[in-house]
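Working notes for the structure below.
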Amino acid sequence: MSKAESHWKVPLADVTLGHEEIEAVTEVLKSGWLSMGPKTAEFEERFKEFLGVKHAFAVANCTAALHLACEAVGLKEGDEVLCPALTFVATANAILYTGAKPVFIDVNGPHDLNLSVVDAAAKVTERTRAIMVLHYGGYPCHLDGVRALAAKYNLKIIEDCAHAPGAVYHSKEGPQMAGTIGDVGCFSFFANKNMTTGEGGMVVTKDDGLAEKIRIRRSHGMTTLTWDRHKGHSFSYDVVARGYNYRLDEMRAALGIVQLRRVALGNARRREIVLSYRENLKNSEFLEIPFLGAPEGSTHHLFPVLLRDGSRRADFMAALAGQGIQTSIHYPPVHRFSAYLNLLPGDHRLPVTNEVCSREVTLPLYPSMSMAQLAHVVKSIGSFWAPGPQA
Ligand SMILES: Cc1ncc(COP(=O)(O)O)c(C=O)c1O
C-alpha cells in the first residue's frame with residue numbers, strides 16, 4: 001500500500017525520503033554492482049565517523065547484528081544473559097540463537113522504561129556472561145551503572161541501539177554516543193526507524209578481536225569477499241568459522257548514506273514534536289508521560305504515554321483509530337509471549353514491567369508530522385476523556 005492509500009490521518013510513523021534517495025539507488029543499479037561493494041564500504045566509513053568508533057559492519061538487519069554480537073562475545077549453551085523484557089522480541093531471540101538463556105530484568109518505573117541496574121544486579125548468577133541493554137525509545141539507559149555491574153562480574157555489554165542512532169549518553173566521563181559505550185552496539189534501519197534502508201542494520205565495536213569475529217561471520221565465515229576477488233586482491237578464500245549470510249546490498253547501503261545525512265535533523269525535529277506533545281499533555285490527569293522532559297541526548301524514536309487507568313486502553317486506542325490516528329503498544333513484554341511461556345516458564349519477577357506494559361500506548365511521532373496533526377491527536381485524546389454532549 002502506498003502512503004497515499006493509507007487511511008490514517010496521522011500514522012504512527014513515517015519515512016522521510018526524497019529525490020536524493022531515488023538518485024542514490026538508481027546510481028547503484030546503473031553501476032551493475034549490487035551487493036557488498038563500494039557503497040557498503042562508504043556507508044560503514046560514514047557510520048564510523050558519525051559515532052566516532054573504530055569498526056562498523058553493515059548487515060542485513062539489527063537482528064543479524066545482535067546475533068553476530070552474541071556470537072562474537074562468545075555466548076554458548078548454558079550461559080545466561082541479562083536483558084529487559086520490555087523490548088522487541090528480537091533482543092531476546094538473538095540470545096536464544098546461541099543456546100544461551102535470556103534472564104529478564106525489570107524496568108526502573110513509570111518515569112523511566114529503561115532496564116533497572118538494581119534488578120540486574122539481583123539476577124546475576126555464576127552463569128551470567130553478558131548484559132544486553134536497550135535504549136528504550138531512544139532514551140539512553142544508565143550505562144554508568146551497567147558498566148560498574150559488568151566490571152564487577154566480568155560481563156560483556158551489548159547495546160541494542162535499534163532506537164538510538166545519534167543518541168548521546170551523559171556518562172561520568174562526559175558525553176558518549178550510544179552504541180560505542182559497551183563492547184558491541186547494534187543498530188536497525190528497518191522501515192519505521194529514525195533512519196531507514198527498508199531492511200538493514202549495523203554492528204559497531206571498538207575492539208579489534210570482536211570486529212574480526214563479526215567481519216568473518218557476516219559472510220559465511222569466509223576470509224575474503226566477492227568484492228575483494230573482483231578487485232583482484234585475492235583469488236580464493238578459506239572458511240574459518242561457522243558463518244552466515246548477513247550481508248547488506250548496495251542499494252540499501254546507498255540509501256543508508258543519504259539517510260545518515262538526514263538523521264540528526266530528523267532527531268531534532270522529533271524532539272520539537274515531543275516538546276509540543278509534553279506541553280499540550282502536561283496537565284492531563286489521565287496520562288503519565290515517562291522520561292523527564294525531552295533531553296537532547298535522546299533520539300525520540302517513540303513517544304510513549306501511560307494511561308492512569310489501563311483498563312481503558314483498548315477503548316482509548318479504538319477511539320483514536322476512529323479519529324484516523326494510529327497508535328501502538330511498545331511493547332507486549334517478551335516473557336508473556338506463548339513461545340517464551342513455553343521456553344522459559346515461571347515467575348520472572350518483573351512487577352514494574354508487568355504494570356507499565358498493561359497501560360502503555362505509543363502516540364504518533366515522525367519528523368514530517370505537522371503541528372495540525374499533533375493538534376488533532378491532542379484534541380482527540382481530550383475528547384476521549386471528556387466527551388462532549390451527545391447530539
Ligand atoms: C528494540 C529492537 N531491537 C531489535 C529490533 C530488530 O531490528 P530489525 O528489524 O532490523 O531486525 C528492533 C526492530 O524493530 C527493535 O525495535
Side-chain angles (χ1 to χ4, degrees), residues 11-15 43 47 56-71 81-98 102 104-105 107 113-115 130-141 143 157-167 178-179 182 184-204 214 218 244-249 252-253 255-256 259-260 263 267 270 290-291 298-304 326 328-335 337 340 353 356-357 360 362 365-366:
L12 182 70
D14 202 358
V15 291
F43 186 28
F47 211 80
F57 300 95
V59 288
N61 51 61
C62 182
T63 310
L66 292 166
H67 183 199
L68 290 173
C70 288
E71 284 218 350
V81 181
L82 307 167
C83 79
L86 181 50
T87 182
F88 184 58
V89 68
T91 316
N93 280 350
I95 297 166
L96 288 180
Y97 297 163
T98 65
F104 294 116
I105 304 305
V107 295
L113 305 180
N114 274 318
L115 152 149
I131 177 163
M132 193 184 280
V133 301
L134 169 69
H135 304 295
Y136 178 102
Y139 292 87
C141 75
L143 276 160
I157 303 173
I158 299 171
E159 291 179 66
D160 181 339
C161 297
H163 302 175
V184 191
C186 302
F187 293 82
S188 173
F189 309 131
F190 179 59
N192 64 8
K193 296 297 189 279
N194 287 36
M195 57 174 283
T196 183
T197 58
E199 298 282 355
M202 192 75 76
V203 201
V204 306
I214 292 163
R218 169 180 57 172
Y244 308 91
N245 178 357
Y246 283 166
R247 294 184 303 256
L248 190 73
D249 63 53
R252 288 181 174 83
L255 269 177
Q259 286 276 298
L260 186 57
V263 74
N267 290 350
R270 285 170 180 273
F291 300 105
S298 170
T299 58
H300 302 289
H301 174 58
L302 300 174
F303 185 64
Q326 188 185 16
S328 186
I329 296 170
H330 289 88
Y331 289 93
V334 178
H335 67 292
F337 287 126
Y340 275 84
T353 300
V356 294
C357 284
E360 193 275 341
T362 305
L365 177 58
Y366 46 93

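Whatever order the structure lists them in is the order used to number ligands and atoms, beginning at 1. Sequential numbering from 1 along the given sequence is applied to the chain's residues.
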Checklist entry - Can you check side chain to side chain contact (heavy atoms under 4.5 Å, CB included) on Thr98 and Val81, steps first, answer last? => result CA-CA 11 Å; Thr98 65; Val81 181; over 6 Å; no
Item to check | Check against side chain to side chain contact (heavy atoms under 4.5 Å, CB included), Met132 and Thr91 | outcome: CA-CA 8 Å; Met132 193 184 280; Thr91 316; 3.2 Å; yes
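Against a heavy-atom cut-off of under 4.0 Å, Thr87 is close to the following atoms of ligand 1: 1 (C). Heavy-atom proximity to Ser188, at under 4.0 Å, picks out these atoms of ligand 1: 7 (O), 8 (P), 10 (O). Every atom of ligand 1 with a heavy atom of His163 under 4.0 Å away is listed here by number and element: 1 (C), 16 (O).
At least one donor-acceptor pair closer than 3.5 Å links the side chain of Asn114 to the backbone N or O of Tyr139. Judged by distance alone, with hydrogens and angles left aside, the side-chain atoms of Gln326 form a donor-acceptor pair with the main-chain N or O of Leu12 at under 3.5 Å.
Of the protein's non-hydrogen atoms, Thr63 OG1, 3.5 Å is the one closest to atom 6 (C) of ligand 1. Protein heavy atom in closest approach to atom 12 (C) of ligand 1: Phe88 CD2, 3.5 Å. Regarding atom 7 (O) of ligand 1, its nearest protein heavy-atom neighbour is Cys62 CB, 3.2 Å. Here the heavy atom of the protein found nearest to atom 13 (C) of ligand 1 is Lys193 NZ, 3.0 Å.
When heavy-atom distances to ligand 1 are checked against a 4.0 Å cut-off, Leu134 comes that close only through its side chain, counted from C-beta outward. Looking at Tyr136 against ligand 1, nothing comes within 4.0 Å, counting heavy atoms.
For atom 4 (C) of ligand 1, the nearest non-hydrogen atom from the set Asp160, Asn61, Asn93 comes from Asp160.
In terms of polar-atom proximity, defined here as any N/O pair under 3.5 Å, Glu199 makes no such contact with ligand 1.
Between the side chains of Glu360 and Thr362, at least one donor N or O lies within less than 3.5 Å of an accepting N or O.
Contact annotation: Phe187 has no heavy atom less than 4.0 Å from any atom of ligand 1.
Residues passing the ring pair (Phe, Tyr, Trp, His ring centres under 6.0 Å) test with Phe88, sequence neighbours excluded: none. The ring pair (Phe, Tyr, Trp, His ring centres under 6.0 Å) test applied to His163 returns His301, not counting sequence neighbours.
Aromatic rings from Tyr244 and Tyr97 are positioned such that their centres are separated by 6.0 Å or more.
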